Trainee: 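Can you read through this structure? Questions will come right after.
Counting starts at 1 for both ligands and their atoms, in listed order. This structure is a prediction, so every number in the text was calculated from the model and none was measured.
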Amino acid sequence: MSKLVTIYGGSGFVGRYVARRMAKLGWRVRVAVRHPNEALFVKPYGSVGQVEPVFCNIRDDSSVRSVMQGADAVMNCVGTFDARGKNSFDAVQVEGAERIARIAAEQGVGTLVHVSAIGADKESSSGYARSKALGEEAVLAAFPRAMILRPSVIFGMEDQFFNRFAAMSRMGPVLALVGADRNFQPVYVDNVAEAAEKGLAGSAAPGVYELGGPEVKSFRAFIEEMLTVIRRRKMLVNLPYGLASVIGRLSEFAQRITGGLFTAPITRDQVVMLRRDNVVSDGAKGLSDLGISPVAPEAVMPDYLWRFRPGGQYDAIKESAANLRTE
Ligand SMILES: NC(=O)c1ccc[n+]([C@@H]2O[C@H](COP(=O)([O-])OP(=O)(O)OC[C@H]3O[C@@H](n4cnc5c(N)ncnc54)[C@H](OP(=O)(O)O)[C@@H]3O)[C@@H](O)[C@H]2O)c1
């Protein structure tokens with residue numbers, strides 16, 4: 001019988017890349033999420049029955065326990081940007097993280113990989129960063145051999161970073177950024193998945209790893225690079241933190257009173273996080289310790305951002321036709 005991994009949040013942006021890698025490695029994969037009917041796309045990652053979406057809510061002990069039955073390895077890819085509500089920072093990133101680690105230890109699971117984030121800090125004034133630090137602490141207390149991954153901003157086909165700003169750049173001549181001068185170190189989603197694969201398969205040492213890409217540049221510089229890829233010129237405006245926080249407060253309110261029909265473009269908590277650089281700390285273990293070569297954004301962005309070019313998929317044809325006319 002091949003080995004079994006349970007991936008909590010395995011249908012999300014990061015989780016699906018881990019699910020695909022584990023299936024390729026020959027493992028059976030259980031993708032544990034609240035909406036398994038929306039996760040059916042993971043099934044073709046393996047042969048018939050090899051990758052199965054199953055219902056689970058990590059806010060409930062028995063739900064977490066039932067989908068962990070027989071698992072050799074466990075991964076937690078569940079995260080949230082919601083400060084309030086049922087699926088809040090504390091419910092998911094502290095209590096949920098602790099629950100998975102505790103039950104994994106109880107059930108004698110071999111390896112546990114937990115996804116945190118760069119900037120995890122118990123003293124932070126950001127609820128996200130604080131809950132990530134408390135989550136890490138709870139995971140290590142219950143399962144000391146866990147591998148903890150702390151990625152910087154993650155990019156790739158389904159990201160909420162370059163895709164979001166590329167979509168916004170179609171709306172007008174100005175693109176507003178918050179914390180434009182802060183440094184970022186975006187990491188490719190499949191590099192994060194490769195690190196997780198090594199942890200799950202037991203071929204990497206446990207511990208905390210900070211995962212960043214090969215380039216450290218300002219947020220503004222990455223957005224300029226993205227604009228070059230989508231062939232659009234925009235005026236970049238750095239919004240003051242105070243104003244961004246007011247916009248965050250108003251949009252959170254709008255999201256609440258519309259029952260989620262309106263999605264807040266930014267939350268107050270994100271504004272707090274954008275006051276800090278998001279880069280790998282000096283001396284932290286990282287991708288190189290795992291033997292992984294990081295992929296740069298410029299190598300991947302054109303593969304998925306072409307649809308934001310003025311001519312979309314026809315952009316290259318239009319360009320070559322324009323060259324013909326000038327010859
Ligand atoms: N994306 C980034 O740039 C980034 C950067 C640093 C760190 N991280 C961390 O990396 C991890 C993965 O992020 P992501 O971007 O892949 O997140 P994501 O795309 O939002 O995916 C979240 C996954 O968790 C599931 N989920 C949410 N609440 C759940 C619950 N209560 N019980 C069970 N499943 C639940 C979701 O499926 P259902 O909705 O069907 O339940 C989905 O599969 C998170 O811990 C995040 O904080 C992400």
Trainee: Starting from atom 20 (O) of ligand 1, locate the nearest protein heavy atom and write down its residue, its atom name and how far away it is, to 0.1 Å.
Mentor: Gly79 O, 4.6 Å
Trainee: Should you measure from each heavy atom of Ser11, which atoms of ligand 1 turn up under 4.0 Å away?
Mentor: 37 (O), 42 (C), 43 (O)
Trainee: Evaluating non-hydrogen atoms only, which member of Ala117, Pro151, Ser116, Gly119 is closest to atom 9 (C) of ligand 1?
Mentor: Ser116
Trainee: More than 12 foreign heavy atoms under 6.0 Å from CZ of Arg268: is that the case here?
Mentor: yes
Trainee: How close does the nearest protein non-hydrogen atom get to atom 24 (O) of ligand 1, and which residue and atom is it?
Mentor: Gly9 CA, 3.4 Å
Trainee: Among all protein heavy atoms, pick the one closest to atom 30 (C) of ligand 1 and tell me residue, atom and distance.
Mentor: Arg34 CD, 3.5 Å
Trainee: Just to verify, what does Asp159 make a salt bridge (charged side-chain N to carboxylate O under 4.0 Å, His left out) with, not counting sequence neighbours?
Mentor: none
Trainee: Can Phe155 be said to touch ligand 1, with heavy atoms closer than 4.0 Å?
Mentor: no
Trainee: If you draw the axis of the six-membered ring of Tyr45, does the NZ or CZ of Arg20 fall within 45° of it and under 6.0 Å from the ring centre?
Mentor: yes
Trainee: Could you list which atoms of ligand 1 come closer than 4.0 Å to a heavy atom of Asn57?
Mentor: 30 (C), 31 (N), 32 (N)
Trainee: If the cut-off is 4.0 Å to any non-hydrogen atom of His35, which atoms of ligand 1 fall inside it?
Mentor: 38 (P), 39 (O), 40 (O)
Trainee: Above 12 or not: heavy atoms from other molecules or residues under 6.0 Å from OH of Tyr314?
Mentor: no
Trainee: When you compare ligand 1 with Ile58, is there at least one nitrogen or oxygen pair between them that comes in under 3.5 angstrom?
Mentor: yes
Trainee: Tell me which protein heavy atom sits closest to atom 3 (O) of ligand 1, plus the residue, atom name and distance to 0.1 Å.
Mentor: Ile154 N, 3.0 Å
Trainee: Specify the protein heavy atom at minimum distance from atom 33 (C) of ligand 1: its residue, its atom name, and the distance to 0.1 Å.
Mentor: Cys56 O, 3.4 Å
Trainee: Among all protein heavy atoms, pick out the one at the shortest distance from atom 15 (O) of ligand 1; state its residue, atom name and that distance to 0.1 Å.
Mentor: Phe13 CB, 3.8 Å
Trainee: Using the rule side chain to side chain contact (heavy atoms under 4.5 Å, CB included), only one of Leu287, Val115, Ile292, Asn191 pairs with Leu211; which is it?
Mentor: Leu287
Trainee: Tell me whether the NZ or CZ atom of Arg256 lies within the 45° cone about the ring axis of Phe253 and under 6.0 Å from its centre.
Mentor: no
Trainee: Report yes or no: is the cationic atom of Arg275 (NZ for Lys, CZ for Arg) under 6.0 Å from the centre of the six-membered ring of Tyr241, at an angle within 45° of the ring normal?
Mentor: yes
Trainee: Please report which non-hydrogen protein atom sits nearest to atom 21 (O) of ligand 1, along with the residue it belongs to and the distance in Å to one decimal place.
Mentor: Gly12 CA, 3.3 Å
Trainee: So for atom CZ, which belongs to Arg249, do other residues, nucleotides or ligands contribute more than 12 heavy atoms lying within a distance under 6.0 Å?
Mentor: no
Trainee: Nearest protein heavy-atom contact for atom 16 (O) of ligand 1: which residue, which atom, what distance?
Mentor: Val14 N, 2.8 Å
Trainee: Check the surroundings of atom NZ in Lys217: do more than 12 heavy atoms from other residues, nucleotides or ligands lie under 6.0 Å from it?
Mentor: yes
Trainee: Within the structure, is a non-hydrogen atom of Ser152 found at a distance of less than 4.0 Å from ligand 1?
Mentor: yes
Trainee: Pairing donors with acceptors under 3.5 angstrom, does anything connect the side chains of Asp269 and Ser126?
Mentor: yes
Trainee: Using a heavy-atom cut-off of under 4.0 Å, does the side chain or the backbone of Tyr17 touch ligand 1, or both, or neither?
Mentor: neither
Trainee: Numbering the atoms of ligand 1 from 1, which are under 4.0 Å from a heavy atom of Asn87?
Mentor: 27 (C), 28 (N), 29 (C), 31 (N)
Trainee: Check this for me - ligand 1, Thr80, N or O atoms closer than 3.5 angstrom, yes or no?
Mentor: no
Trainee: Of Phe13, Phe161, Phe155, Phe162, which is the lone residue that meets ring-ring contact (aromatic ring centres under 6.0 Å, His included) with Tyr188?
Mentor: Phe155
Trainee: Phe184 and Phe222: aromatic ring centres closer than 6.0 Å?
Mentor: no
Trainee: Is the closest heavy atom of Lys132 to ligand 1 under 4.0 Å?
Mentor: yes
